[in-house]
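So that the names make sense, note that chain A is the first sequence line, chain B the second, and so on, each numbered from 1. Worth saying up front: this structure is predicted, and the values here are computed from it rather than measured.
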Amino acid sequence: MIAITSDKCSPVYSIGRRQRSPLNSALRMARLSVSREVDFGRVTIAMPLPAVVTADLRLNTPRNAALPMVMKARQKKLDVRRADEFGVDLSPRVTIEKTTPPPARATGRTVDNVGALADEIAALHSGTEAH
Amino acid sequence: MTVLVLADHDLGTLSPATARVVAAVSSLGDVDLLVLGEGVDQIVAEAARLSGVARILVGQDQGFVTQSAEALVPVIARLASDYSHIVASAGAVGRDLAPRLAAKLDIQPITDIIAIHGPGRFDRPIYAGNAIQTVASAQPRQILTIRASAFSPMGDGGNAMIMPLPTDPVRTVAKMIAAHRTQADTPDLATARIVVGGGVSVGSAEGFKLVEQFAAVIGAGVGATRAAVDAGYAPNDWQVGQTGKIIAPDLYIAVGISGALQHLAGIQGAKKIIAINSDPEAPLVKLADIVLIADLFEAIPSLIEELAQRGIKP
Ligand SMILES: Cc1cc2nc3c(=O)[nH]c(=O)nc-3n(C[C@H](O)[C@H](O)[C@H](O)COP(=O)(O)OP(=O)(O)OC[C@H]3O[C@@H](n4cnc5c(N)ncnc54)[C@H](O)[C@@H]3O)c2cc1C
């Protein structure tokens, strides 16, 4: 659906939200330069526009829309269409069989002092070495 | 059924995640491993030793070095018709390329799998790990990403056939212009058996060093909360949780960490959890197997000493 509507509206850039790949962006003329987090640290990537990017919470602080703009937005005509008008089949291909809580953890206990904790860690430490 | 697994690698060596992904999917059929990179001889040699791998397909090009989805996906898409399952680790590379590959092949991908029940039935966590969903797919082929830490690694003992892939020169419109690698000689967070995590309560980057010293004494990987990363006390790639790394060590030791849901999402696979916190009501204290209620600035230095007395070696 996004591909089709992007084609019809030719946006300069579409911004979606994804939680996993933080990204900071700076629009530079007709190119986009972004910084994103990867497994080993950070990378900076440059690309021509248009581009599809996702943003992380850390990107910036949200700017709240001013009331006059909110009122203006309300006046705009919404063009509501059915997906099948575009010849797109949106029926799910993956079905959810069940949703269950994760396995419960055993109840814990409190140790009295640092020495007792050191004993516990020493025991667990040799346990993790064993395999 | 034959399964294509994209090998995860970094700095010329095979990532530990790959052996876990191979183990996860070997029940589905013969496994072919795809290695895309440049100067990959050592990676291929390591991969060929993995048990359960039939063939290693090797594509070499300078354009693969950044492991961008744009460079990798065309090669994978071209191979797809020979495979029932196309699989990557749910790390940065797999998360990046699965959606692009899925769109190209018009297949709904199934991501972050923690258990495989059959060729089309999988478990995956949702709601930041607060629930596990069992999903079924009857698509002609599956695109999967696997949460490597949920599976044990495949052992050595294989002797896979190595097959070079003809590839056209790779051209991408997106260019990597800089990479910043966190320099640290701590064990890899994603696969470390013991991880010590530090929270924002350490108060400074200097204070976080205390957590790092403690980790070094027991040979642990170092993790951090988002609050500690945002405060600049720890690098972003140490962040554990919903928007950081998901870990499943034998032992996780949380130092001054409250245990927000988003942090817990990253540690639910830990076999044992120890919490050191001054607040007996902290959620992580309630969840932990072993708890010490103490001020970390007093507890950690004396813990380091006590462990040294017990002759602990990293
Ligand atoms: C969309 C979203 C995604 C997020 N993703 C993540 C994520 O991936 N990972 C993550 O970690 N967080 C994530 N967060 C943030 C998360 O909600 C918490 O804010 C964060 O985990 C808290 O970090 P903390 O435990 O260091 O700090 P706090 O919550 O402030 O806790 C500090 C703890 O230290 C204890 N303490 C204080 N002083 C001492 C002392 N001297 N000695 C011992 N203990 C002490 C306190 O009792 C408290 O329990 C996310 C938030 C959002 C909204």
Side-chain angles (χ1 to χ4, degrees), chain A residues 2-3 18-22 31-48 51-52 54 56-58 89 92-103 105-129 131, chain B residues 10 66 68 91-93 95-96 103 107-108 110 121 125-126 129-139 173-182 190 193-194 218 230 235-237 242-243 250-251 253 268 272-274 276 286-294 299 302-303 306-307 310 312:
Chain A
I2 294 172
R18 190 171 105 190
Q19 293 191 332
R20 281 290 181 75
S21 282
R31 287 184 74 77
L32 181 70
S33 163
V34 302
S35 136
R36 69 192 304 232
E37 296 181 351
V38 292
D39 286 344
F40 62 74
R42 260 167 201 282
V43 296
T44 307
I45 299 170
M47 71 209 78
V52 179
T54 65
D56 174 74
L57 289 179
R58 270 196 268 257
D89 176 12
R93 318 209 188 150
V94 174
T95 50
I96 298 166
E97 283 189 358
K98 60 176 186 206
T99 304
T100 50
R105 297 195 74 93
T107 37
R109 61 201 156 80
T110 303
V111 294
D112 293 333
N113 52 48
V114 170
L117 185 61
D119 288 337
E120 299 277 2
I121 293 175
L124 289 167
H125 187 268
S126 53
T128 59
E129 257 174 355
H131 54 218
Chain B
D10 189 30
T66 60
S68 76
V93 173
R95 281 205 303 265
D96 214 19
I107 289 171
Q108 170 70 43
I110 302 173
R121 270 184 89 224
I126 53 158
N130 287 297
I132 310 293
Q133 215 163 49
T134 303
V135 297
S137 160
Q139 298 178 100
V173 292
K175 311 268 184 227
M176 187 183 296
I177 50 185
H180 175 78
R181 188 172 280 274
T182 302
R193 293 224 168 91
I194 308 180
I218 54 175
D230 285 349
N236 64 269
D237 51 318
Q242 186 189 348
T243 48
D250 291 342
L251 174 60
I253 308 180
Q268 252 147 9
K272 282 249 187 284
I273 298 174
I274 295 180
I276 303 171
K286 305 258 187 225
L287 180 88
D289 300 285
I290 302 171
V291 172
L292 177 69
I293 300 300
S302 54
L303 190 56
E306 295 266 357
L307 287 167
R310 284 163 181 74
I312 299 268

Taking the side chain as everything from C-beta on, heavy atoms only, tell me whether [X] gets closer than 4.5 Å to [Y].
{"X": "A:Ile121", "Y": "B:Ile253", "result": "yes"}
{"X": "A:Ile45", "Y": "B:Thr66", "result": "no"}
{"X": "A:Lys98", "Y": "B:Gln133", "result": "no"}
{"X": "B:Ile194", "Y": "A:His125", "result": "yes"}
{"X": "A:Arg109", "Y": "B:Ile290", "result": "yes"}
{"X": "A:Phe40", "Y": "B:Thr182", "result": "no"}
{"X": "A:Thr107", "Y": "B:Asp289", "result": "no"}

Closest non-hydrogen atom pair, [X] against [Y]:
{"X": "B:Arg310", "Y": "A:Gly115", "result": "NH2-O, 3.2 Å"}
{"X": "A:Pro102", "Y": "B:Asn130", "result": "CD-O, 3.1 Å"}
{"X": "B:Gln139", "Y": "A:Val94", "result": "NE2-CG2, 3.9 Å"}
{"X": "A:Ala46", "Y": "B:Ile177", "result": "CB-CD1, 3.9 Å"}
{"X": "B:Asp237", "Y": "A:Asp39", "result": "CB-O, 3.5 Å"}

Can you tell me which portion of [X] sits under 4.5 Å from chain A's heavy atoms? Options are side chain, backbone, both or neither.
{"X": "B:Ala299", "result": "both"}
{"X": "B:Leu287", "result": "both"}
{"X": "B:Ala138", "result": "backbone"}

Report the option among [options] that has the most heavy-atom pairs separated by less than 4.5 Å from atoms of chain A.
{"options": "B:Met176, B:Arg181, B:Gln268", "result": "B:Arg181"}
{"options": "B:Ala131, B:Ala178, B:Ala174, B:Ala179", "result": "B:Ala178"}
{"options": "B:Ile126, B:Asn236, B:Val93, B:Val173", "result": "B:Asn236"}
{"options": "B:Asp230, B:Ile110, B:Asp10", "result": "B:Asp230"}

Next item on the list: First locate atom CD of B:Glu306, then atom CG of A:Asp119, and finally report the distance between them rounded to the nearest 0.5 Å.
Entry: 8.0 Å

Check: Roughly how far, to the nearest 0.5 Å, is CZ of A:Arg42 from NE2 of B:His180?
Finding: 8.0 Å

Item checked: Largest heavy-atom contact set with chain B, pairs under 4.5 Å, which of A:Asn113, A:Val38, A:Val111, A:Asp112 -> A:Val111

Margin query: Let's test your reading of the structure: which of A:Ala106, A:Pro101, A:Gly41 forms the most heavy-atom pairs below 4.5 Å with chain B?
Written below: A:Gly41

Checklist line | Name of the residue among B:Ile274, B:Val291, B:Leu307 meeting side chain to side chain contact (heavy atoms under 4.5 Å, CB included) with A:Leu117 | finding: B:Ile274

Next item on the list: Can you spot which of A:Thr95, A:Thr99, A:Ile96 makes a side chain to side chain contact (heavy atoms under 4.5 Å, CB included) with B:Val135?
Entry: A:Ile96

